[in-house]
Every structure is written in structure tokens, then in C-alpha cells.
Chemist: 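Once you've had a glance at the structure underneath, I'll fire off some questions.
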Amino acid sequence: MKYTIKSGMEIELRPLRHSDSESLAVYFQQLSEKTRSRFAPHPFDEATAQFICEHLSLPQIIIIAAYPPGTIVGYTILQEGWMPGDKERYYQYGVPVNGSGIWSMAPSVADSWQGKGIGPAMFQYALKYLQWFEAEKLVLWGGVQSDNIPAVKFYQHLGFEPKGSFYYNGKENMDMILSLKYNHYL
């Protein structure tokens, strides 16, 4: 799917493919340490990129944003269900954690593309998959670091609600959840 971002540039949004291993490894290697420290579902190396591309399967969907073709500039993991640790925290916040309809999301955008509309584009694209799977709630996988003000504001703009906070590796993180039944983007 083609999508026009803020600058008027056209990017491609699509699911990750088995053939994207090399491009994904380059994407991982080019992320700054600061960006890597804000996204922690997995290591950022060639072996991980190869493993991810070789093991693509539902209920996990990985979306990429590409510009120019062959160059990955954004990456979002959508995973059905709760991630380890998240479910326990949300239960402590009083959020119902049993049943289906919960999906977890972990997005990242290349440093030089942050603030240019890649995140909103990937989110819109992700919503199409979430609707197809009849997702009811979307959780930020591992939360968002509280000092990452642009990301916190971005998620709040999308309708995510803070539910609580926790510390991980000495940093405060905010757990946020989005109700998809009433989201203005649907």
C-alpha cells in the first residue's frame, strides 16, 4: 500500500517478507543507541533479522515502511495476546486481562525519519489488520518510556490511555492501552 507522509513523499507500507532479512538487518544496525534503548522486544543484529524473516507466522504481524523500495524506515510488531510482564501489570491496574481481543504493539522508526509521519502511517495500516482480527484492545508492548515526551504525546493523540507506570532498566515506563471499539481512527 502506498501512503503519502507529511512531506509529500510516498512510502510503501506492507507486511515484512522472508526476503527482507538483509534490509531489516541494515535497519537494525542504523538505529541509534537512544532509539534502540526505547524499543526492546529483541536484539538489533543480523541474526535476529534473519530469524524474524525466517519465522514469519500468525498470530504475529510485522509491518514495515519502506522508502525508497528496499530500504526499511519503520518497523512495527503486532502480536496477538499479552506479552510477558504486561498482563500482570495491567491486572494490578484493574484492567480485565482474560478473554480474547488483546493485541500488543511495538513500533520503531529510523532516527532520520522520526517526526515525518511514518508512525501515523504505520498505525493506520496496522489498524486494518487489527480490524480484520477483530481486536478490541491494543497495548503498547512494554509501555513507553515516560521521558520520551514526543512518543507519549503521539500515543495520547491516537487515543491510548495511561494505566500505570513501572521501572525497567532504571527508567520509568508508562503502560498505555487503546480501546479499538471507540477509536476515532477506525
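Not measured: the values here are computed from a predicted model.
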Chemist: Nearest 0.5 Å, please: how far is CD1 in Ile118 from OG1 in Thr76?
Modeler: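 Those atoms lie 10.0 Å apart.
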Chemist: Taking only residues at least two apart or on different chains, which pairs with a member in residues 66-88 satisfy salt bridge (Lys or Arg N to Asp or Glu O under 4.0 Å)?
Modeler: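 Applying salt bridge (Lys or Arg N to Asp or Glu O under 4.0 Å) to every pair that reaches into residues 66-88, excluding sequence neighbours, yields Asp86-Arg89.
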Chemist: Are side-chain N/O atoms of Asp45 and Thr48 paired as donor and acceptor at under 3.5 Å?
Modeler: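 Yes, Thr48 and Asp45 have a side-chain donor paired with an acceptor closer than 3.5 Å.
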Chemist: Using side-chain contact (heavy atoms from CB on, under 4.5 Å), reason through Ile63 and Leu16 one step at a time and then give a plain yes or no.
Modeler: CA-CA 6 Å; Ile63 296 167; Leu16 188 69; over 6 Å; no
Chemist: If you look at every heavy atom in Ala65 and Leu13, which pair is closest and at what distance?
Modeler: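 Between these two residues, the closest heavy atoms are CB-CD2, 3.7 Å.
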Chemist: Are Ile52 and Val26 connected in the hydrophobic side-chain network, where two residues link if heavy atoms are under 4.5 Å apart?
Modeler: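 Ile52 does not cluster with Val26.
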Chemist: Nearest 0.5 angstrom please: Ile61 CD1 to Lys128 NZ, how far?
Modeler: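 These two atoms lie 13.5 Å from each other.
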Chemist: Say whether Ser165 and Glu172, considering side chains only, have a donor N or O and an acceptor N or O under 3.5 Å apart.
Modeler: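 Side chains of Ser165 and Glu172: pair found under 3.5 Å.
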Chemist: So do the side chains of Pro162 and Gln156 get within less than 4.5 Å of each other, counting heavy atoms only?
Modeler: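 Side chain of Pro162 against side chain of Gln156, heavy atoms only: contact under 4.5 Å found.
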Chemist: Go through the structure and list residues passing side chain to side chain contact (heavy atoms under 4.5 Å, CB included) with Ala49, not counting sequence neighbours.
Modeler: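 Only Leu24, Ala25, Phe28 meet the side chain to side chain contact (heavy atoms under 4.5 Å, CB included) criterion with Ala49.
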Chemist: Shared ILVMFWY cluster between Ile62 and Phe51, side chains joined below 4.5 angstrom?
Modeler: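 No: no chain of side-chain contacts under 4.5 Å links Ile62 to Phe51.
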Chemist: Can you check side-chain contact (heavy atoms from CB on, under 4.5 Å) on Lys137 and Ser179, steps first, answer last?
Modeler: CA-CA 5 Å; Lys137 302 269 185 198; Ser179 174; 3.8 Å; yes
Chemist: Quick one: side-chain hydrogen bond (donor to acceptor under 3.5 Å, both in side chains) partners of Glu54, sequence neighbours excluded?
Modeler: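 With neighbours one apart ignored, the set is Gln50.
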Chemist: Apply side-chain contact (heavy atoms from CB on, under 4.5 Å) to residues Ile102 and Glu136 and explain how you reach the verdict.
Modeler: CA-CA 6 Å; Ile102 295 288; Glu136 297 175 13; over 6 Å; no
Chemist: Output all residues satisfying side-chain hydrogen bond (donor to acceptor under 3.5 Å, both in side chains) with Ser32, sequence neighbours left out; order by chain, then residue number.
Modeler: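 In terms of side-chain hydrogen bond (donor to acceptor under 3.5 Å, both in side chains), with neighbours along the sequence ignored, Ser32 is linked to Thr35, Asp111.
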Chemist: Taking the side chain as every heavy atom from C-beta outward, state whether Glu22 and Glu46 have any pair of such atoms under 4.5 Å apart.
Modeler: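 Side-chain contact under 4.5 Å: no.
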Chemist: On a heavy-atom basis, which atom in Leu78 and which in Ala126 lie closest, and how many Å separate them?
Modeler: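 Closest pair (atom of Leu78, atom of Ala126, distance): CD1-CB, 3.7 Å.
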Chemist: Donor-acceptor check, side chain of Trp103 to backbone of Gly81, threshold 3.5 angstrom: yes or no?
Modeler: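 Flag not set: sc Trp103 to bb Gly81 has no pair under 3.5 Å.
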Chemist: Taking side chain as C-beta onward, heavy atoms only, is Pro107 less than 4.5 Å from Tyr155?
Modeler: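 Answer yes - side chains close enough.
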Chemist: Kindly indicate whether the side chain of Ile64, heavy atoms from C-beta on, has any atom under 4.5 Å from the side chain of Arg14.
Modeler: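 With C-beta onward as the side chain, the pair touches.
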Chemist: Taking all non-hydrogen atoms of both residues into account, name the closest pair between Gly142 and Phe166 and its distance.
Modeler: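 Here Gly142 and Phe166 meet closest at O-CZ, 3.1 Å.
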Chemist: In chain order, what residues pass the salt bridge (charged side-chain N to carboxylate O under 4.0 Å, His left out) check against Lys163, with sequence neighbours excluded?
Modeler: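 Glu161.
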Chemist: Less than 6.0 angstrom separating the ring centers of His42 and Tyr75, yes or no?
Modeler: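 Under 6.0 Å, so yes.
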Chemist: Out of curiosity, does Met9 fall in the hydrophobic cluster containing Tyr3 (side-chain heavy atoms, cut-off under 4.5 Å, transitive links)?
Modeler: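 Tyr3 clusters together with Met9.
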Chemist: Nearest 0.5 angstrom please: Phe160 CZ to Phe123 CZ, how far?
Modeler: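 So the gap between those two atoms works out to 5.0 Å.
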Chemist: Linking I/L/V/M/F/W/Y whenever their side-chain heavy atoms sit closer than 4.5 Å, directly or via other members, would Tyr91 and Val139 fall into one cluster?
Modeler: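 Same hydrophobic cluster.
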Chemist: Walk me through whether Tyr93 and Asp175 qualify under side-chain hydrogen bond (donor to acceptor under 3.5 Å, both in side chains).
Modeler: CA-CA 10 Å; Tyr93 305 144; Asp175 278 323; 2.7 Å; yes
Chemist: What's the spacing between Ile5 CD1 and Met122 CE if we round to 0.5 Å?
Modeler: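 That separation rounds to 11.0 Å.
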Chemist: Among residues at least two apart in sequence or on other chains, which ones pass ring-ring contact (aromatic ring centres under 6.0 Å, His included) with Tyr129?
Modeler: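 Partners of Tyr129 under the ring-ring contact (aromatic ring centres under 6.0 Å, His included) test: Tyr125.
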Chemist: As an exercise, state the distance from NZ of Lys2 to CD1 of Ile11, rounded to the nearest 0.5 Å.
Modeler: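 Taking NZ in Lys2 and CD1 in Ile11, the distance rounds to 9.5 Å.
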Chemist: Would you check if the side chain of Asn173 reaches a backbone N or O of Lys171 as a donor-acceptor pair within less than 3.5 Å?
Modeler: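 Looks like yes, one N/O pair under 3.5 Å.
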Chemist: About how many Å separate CG of Leu140 and OG of Ser104, when rounded to the nearest 0.5 Å?
Modeler: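 It is 9.0 Å, given to the nearest 0.5 Å.
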Chemist: Hydrophobic cluster membership, with links at side-chain heavy-atom distances under 4.5 Å among I/L/V/M/F/W/Y: are Trp132 and Met105 in one?
Modeler: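 Yes, Trp132 and Met105 fall within the same hydrophobic cluster.
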Chemist: Kindly indicate, with the supporting measurements, whether the criterion side-chain contact (heavy atoms from CB on, under 4.5 Å) is fulfilled by Leu180 and Glu134.
Modeler: CA-CA 9 Å; Leu180 295 170; Glu134 299 180 356; over 6 Å; no
Chemist: Check whether any side-chain N or O of His157 sits under 3.5 Å from a backbone N or O of Lys153 as a donor-acceptor pair, and report yes or no.
Modeler: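 Pair absent, no side-chain N/O of His157 close to backbone of Lys153.
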Chemist: Is there a side-chain contact between Phe44 and Glu33 in this structure, where contact means two heavy atoms from C-beta onward sitting under 4.5 Å apart?
Modeler: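 The answer is no, as the side chains (C-beta and beyond) never meet within the 4.5 Å cut-off.
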Chemist: Which atom names give the shortest non-hydrogen contact between Phe154 and Gly119, and what distance separates them?
Modeler: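 In terms of heavy atoms, the two residues are closest at CZ-C, 3.7 Å.
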Chemist: Counting distance only, does the side-chain N/O of Asn148 pair as donor-acceptor with the main-chain N or O of Gln145 below 3.5 Å?
Modeler: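 Between the backbone of Gln145 and the side chain of Asn148 there is no qualifying donor-acceptor contact (under 3.5 Å).
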